[in-house]
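Everything below concerns the one structure shown next.
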Number of protein chains: 2
Amino acid sequence: MKCVTEKSEDKIREAAKRVFLKKGFDGTTSRDIAKEADMNIALTNYYFRSKEKLFLEIFKDVLEEYFQNMLTILNKDIDIKSKISEIIDNDFAMMKKEPDLVIFIMNEIHKSPQRLFPDMSIFRQVRETYLKKQLEEGAANGTLRPMQLENILPLIKCGVEFIFMGKEIHKELFMMTDEDFEKYAEEQKEHIKAMVCNYLVIG
Amino acid sequence: MKCVTEKSEDKIREAAKRVFLKKGFDGTTSRDIAKEADMNIALTNYYFRSKEKLFLEIFKDVLEEYFQNMLTILNKDIDIKSKISEIIDNDFAMMKKEPDLVIFIMNEIHKSPQRLFPDMSIFRQVRETYLKKQLEEGAANGTLRPMQLENILPLIKCGVEFIFMGKEIHKELFMMTDEDFEKYAEEQKEHIKAMVCNYLVIG
DNA sequence: ATAAATTTTAAACAATCATTTAAAATATTC
DNA sequence: GAATATTTTAAATGATTGTTTAAAATTTAT
């Protein structure tokens, strides 16, 4: 049956995601979530049993959201330079669409890593992509600097994610307005693409 | 007068720094701090008036700690390649010594930037270093790719800080032990140095 | 339509939060 | 050494926390 009105459980889940991303687990109260969802406070526990369980459910989704698009790109049958460019463009778009996502993930995992890693099959998927094969082949035939996935992938991702995670401090440090930052981020994106490609691709 | 026993105010300040860095502002209670300092709960407010005021005082120190060493290096009269290498080594050492510092700063500023920027003269100092002059001269005489400080500095810093901020997720993603990560981080440090230098320095 | 199951509600729970109080203990001053 | 100022203490403040309760409202099943 198709409902025109959203189910309460989903309303709470979506509200909780927004609040958790903005305020973090510690900074979020059950009442914050209920208010954001415009629902009675008791319903968060009626549907999810506890704030902790609701959080873990949402965190799993958020972590998959973080990796999913990148995973698709990593498996594309395109040349390395295009692949790097696409990953960076994708990262860039993600940071603009969900500015809280990466710092949220980083901070929550940093504070309590043990509780946040369930059966993450997505991790295995990231380790075993077509890019890995491309790196091996490139290293073998001398077109690429020999590097492992775990070395090149952070180099690709850190540039964009770092300046967006630290958007406010970068704005303050270099006296930028929001508009300035937009232009700056675009410049930086191209620097990163060129820098990483120059380093990885030989000749 | 020299006291052999530490002053209560300093004991609280140092305890508060440890707890805030580990748990963040929202995750820290006044009782956590009092317990860590092994002092009565009322003393935190006796000396600092409120948890908020204590936090702001500590945050200012932490932010200066983050920039101070880098600032010294940026002003050194050494060639660009050595300077980049030193900044990265310094960052690396800082992340090992204070693993919570950068993610703490990033997260707190991200959550509430407006309240955390006092008269930060250190920001101006970072903008006006000898490195800036070196970049201008290098661009003018063709030895360096023309880049602004705000473009090159994040490229230098993001690599090391990113993998340490995300240490636990990188360990999980690439199935590393703590020992593995140590070796991995060392490798990565050298990749970053080479990559950034190759990109900035012409020929 | 009636009964049963589900969802929503207002109210309350004990625990903990940041902060304050006022008295006790200690240190300093004269 | 008495008077004063400072520091520390235990206890309490009212507000807020996550969670539960039991009744009311609504939906579903018969």
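Below, all heavy atoms of this structure are taken into account, side chains as well, without hydrogens, waters or symmetry copies. In the text below, chain A, chain B and the rest are named by the order of the sequence lines, each starting its count at 1.
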Would you mind writing out the side-chain donor-acceptor pairs for residues 192-200 of chain B within the sub-3.5 Å range, not counting sequence neighbours?
| from | atom 1 | to | atom 2 | distance (Å) |
| --- | --- | --- | --- | --- |
| B:Lys193 | NZ | B:Ser85 | OG | 3.2 |
| B:Lys193 | NZ | B:Asp89 | OD1 | 2.9 |
| B:Lys193 | NZ | B:Asp89 | OD2 | 3.2 |
| B:Tyr199 | OH | A:His191 | ND1 | 2.8 |

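Following rounding to the nearest Å, A:Lys7 (NZ) and C:dT8 (C1') show an atom-to-atom distance of 17 Å. A:Glu52 has its CD atom 12 Å from the C1' atom of D:dG18, to the nearest Å. For A:Lys51 and C:dT16, the NZ to C1' distance is 13 Å, given to the nearest whole Å.
Residues passing the side-chain hydrogen bond (donor to acceptor under 3.5 Å, both in side chains) test with B:Glu52 are B:Arg115, sequence neighbours excluded. Qualifying side chain to side chain contact (heavy atoms under 4.5 Å, CB included) partners for B:Leu173, counting only residues two or more places apart in sequence or in other chains: A:Phe67, A:Phe123, A:Val126. Remark: A:Lys53 engages A:Arg49, A:Ser50 in a side chain to side chain contact (heavy atoms under 4.5 Å, CB included) (not counting sequence neighbours). When the side-chain hydrogen bond (donor to acceptor under 3.5 Å, both in side chains) test is applied to A:Glu9, the partners found at least two apart in sequence or on another chain are A:Arg13. With sequence neighbours left out, the side-chain hydrogen bond (donor to acceptor under 3.5 Å, both in side chains) criterion links B:Thr72 to no other residue.
Annotation: proximity of residues 42-50 of chain A to DNA chain C (heavy atom, distance under 4.0 Å) is found for A:Ala42, A:Leu43, A:Tyr46, A:Tyr47, numbered in ascending order. Proximity of residues 14-41 of chain A to DNA chain C (heavy atom under 4.0 angstrom from any strand atom) is restricted to A:Arg31, A:Asn40.
For residues 72-97 of chain A, every residue pair satisfying the ring pair (Phe, Tyr, Trp, His ring centres under 6.0 Å) rule, not counting sequence neighbours, is listed here: A:Phe92-A:Phe164.
For B:Phe20 and B:Phe104, the distance between ring centers is not under 6.0 angstrom.
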